[in-house]
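Sequence positions, counted from 1, serve as the residue numbers for this chain.
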Amino acid sequence: MSERTTDAPPASAGTATPAVTARVGAGFVTLYALAYFGIWLAVLAPAVVTLQLKVLRLYPDDATSVIGVVSGVGALLALVGNPWAGKLSDRCTSRFGMRRPFVLGGMLVGTLATAAIAYAPNMGMLIVGCSLAQLSYNAALAGIVAVVPDQVPEDQRGKFSGLLGLCQFLALGVAAYVVNLVAGNMTLMFGVPALFGLLAVVPLLVVLRDRVRTEKPSTPYGVKEFLASFWVNPVARPSYAWAWLSRFLLVLGWATLMTYQAFLLIDRFGYTPDNVGGQVGVVLSVMVVGILAGSGGGGWLSDKLGRRKLFVGLAGVIAAVGLPTIAVAHSMTLLLAGVAVVGLGIGVHMSVDLALVLDVLPDRTNVARDLGVFNMPTRFRSPSPRRSRRSSWPSGQGRTTPPCSWPPRASRCSAPWPSGR
C-alpha cells in the first residue's frame, strides 16, 4: 500500500466543504472501514455485557435501577455530544486538520473513560466514566463521519454508506465474542475493545489528507452558537427534514425489535432467561445475513442509478412487510423469515442513508454539525428493557438480571448502550 491511499483533494483553506471529484482507492476504503469498525467496537462492547456486569458486581440487588440511571445520563450526553462535537470540528483551525484532532482526541479520552468505568468503585464514578465515554466517542464519530463528505465523491457514497452500516452491526457481534473470550477479567473486558478501537484509527489518521481551515470563524462561539448545534430549520431545509424523519421512523422500527426480541421469545415461544440467549444469537445472525444482502446490493445499485430516495422508500416497504410478520408469528420459521426481511430492509436503508443526507446537507460550512443532527434519531431508541419492571427475571441466585444476550455464554444481560451512527 502506498503512502497515499486516496486521491482526495489536498488540505485546503476556506470554510465550505469543497466538491470532491477524485475517486478514493481501495486502501483508503480499507483503512476507513477499519477505523469506523474499531470505534464502534469500543462503543458497543459495554453495551453487550461489560457495563451490566460491572453494575451487577457493585449493586447485585439493585442492578436494573442503577443501570437505568447510568445509561440514561449517558444517552442524554450521546444526544448532545455528536452535533456539538461536529459544530466544533467545523470551526476547528488546528494545523493537524478539522477532523483528525476529534477522532484521535475522542478515542484517547474515551479509552481513559472506559478504564475509569472498569475501576469505578461506586455509582457516581460509573456515571462520570460513562458520561465522559459517551461525549468522547461521539466526538470521534462526529469527526470520522465528516471525513466522508470531505474525501468521498458522490458516485461512491452509496457503497460507502452500506459499508458503514455493515461495520456497525459487525462490531456488535464481534464485541460480544471478544468480551466472551476474556470473560471474568473486568479489566480486559473493558480494555481490549477500547484499545483496539484506539489503535484502529491510527493508520487512517496517519495517511488522511485532512482539510485545514486557515480562516477563523466569523462569529464567536457562544451560547447562540452552542444551541445552534442542535437545530436545522425543517421549513427552510425540507429535503434534509424528510431525510431526518425517514431515518427516525426506520430506526424506531428496527430498534424496537432489537430491544424487545428476548421478551417476545420468552412470552410467545416458551424460552426462559437461562436459554433465551442462544436463540437471540440465532435471530441476530439471521438479521445480519439480511443486512449483508441489502447493504451490498443496495449501495452498488444506488451509485449505479444515481438514485437515493427510491431505495429509502423501498426500505420502508420492506420493513412494513417484515415487522408485522414478526408481530403475528407463532412459529419460529415465520419469525425468522420476518427477521430476515427486516434485516434486508435495514441493509437497503443503510446503503443509501448517509449518501442521501450528504446530497441534501443544508450548510456546506457546517457539515459535521449537520451530520451530528442527522445522527440524533439513533439516540431516540425505544425504552430499554433494563428500565422496565418487566426486565427483572429470576436468575436463580436471588437476584435479577436482564435476559438478553449474544452470544449465550457471555452473560444474560445485553441491550444497546445508547449511541449510534
Side-chain angles (χ1 to χ4, degrees), residues 33-55 67 70-71 74-75 77-79 81-82 103 106-107 110-111 113-115 117-118 129-142 144-145 163-183 186 188-201 251 254-255 257-259 261-262 277 280-281 283-285 287-288 291 343 346 350 375 378-379 381-382 384-386 402 404-408 410-411 413-421:
L34 174 64
Y36 194 78
F37 169 81
I39 294 175
W40 275 111
L41 181 64
V43 169
L44 291 174
V48 175
V49 61
T50 48
L51 182 60
Q52 292 88 344
L53 287 180
K54 178 66 179 181
V55 171
I67 201 72
V70 173
S71 61
L77 291 174
L79 186 68
N82 200 286
V103 176
M107 293 307 295
T111 301
T114 302
I117 298 171
C130 288
S131 300
L132 189 57
Q134 284 285 17
L135 286 174
S136 302
Y137 284 136
N138 273 278
L141 284 169
I144 199 165
V145 172
L163 176 65
L164 300 192
L166 181 60
C167 285
Q168 184 176 346
F169 272 85
L170 182 62
L172 176 62
V174 173
Y177 286 104
V178 168
V179 168
N180 185 57
L181 289 175
V182 295
M186 194 65 66
L188 292 179
M189 291 170 70
F190 278 102
V192 170
L195 287 174
F196 179 88
L198 175 60
L199 295 175
V201 304
V251 166
W254 66 255
L257 171 61
M258 294 284 287
T259 301
Q261 59 185 323
V280 168
V283 172
L284 289 175
S285 297
M287 179 182 289
V288 169
I291 292 170
I346 293 172
M350 286 182 168
N375 279 328
T378 59
R379 277 71 174 169
R381 293 187 175 177
S382 54
S384 167
R386 297 183 306 245
C404 322
S405 98
W406 184 38
S411 172
C413 46
S414 76
W417 203 26
S419 192
R421 180 174 61 117

Taking every non-hydrogen atom, the tightest pair across Ala194 and Tyr137: CB-OH, 3.8 Å
So which atom in Leu34 and which in Ala200 form the shortest heavy-atom distance, rounded to 0.1 Å? O-CB, 3.6 Å
Tightest non-hydrogen contact, residues Ser131 and Leu77, listed as CB-CD1, 3.0 Å
Determine whether Pro46 and Ile117 make a side-chain contact, defined as any pair of heavy atoms from C-beta on separated by less than 4.5 Å. no
Report yes if the side chains of Gln168 and Phe37 come closer than 4.5 Å at any heavy-atom pair, otherwise no. no
Check whether any side-chain heavy atom of Phe190 lies under 4.5 Å from a side-chain heavy atom of Leu195, and answer yes or no. no
Qualifying residues under side-chain contact (heavy atoms from CB on, under 4.5 Å), relative to Ala113, sequence neighbours excluded: Leu132, Ala133
Atom pair CG (Leu198) and CG (Leu41), whose distance is rounded to the nearest 0.5 Å: 12.0 Å
One should read off an interatomic distance between Met189 CE and Leu51 CG, to the nearest 0.5 angstrom, of 10.5 Å
What are the two closest heavy atoms between Ala42 and Met107, and how far apart are they? CB-CE, 4.2 Å
Does a side-chain heavy-atom distance below 4.5 Å link Trp40 with Leu170? no
Looking at every non-hydrogen atom in both residues, tell me the closest pair between Met186 and Ala118 and how far apart they are. CG-O, 4.1 Å
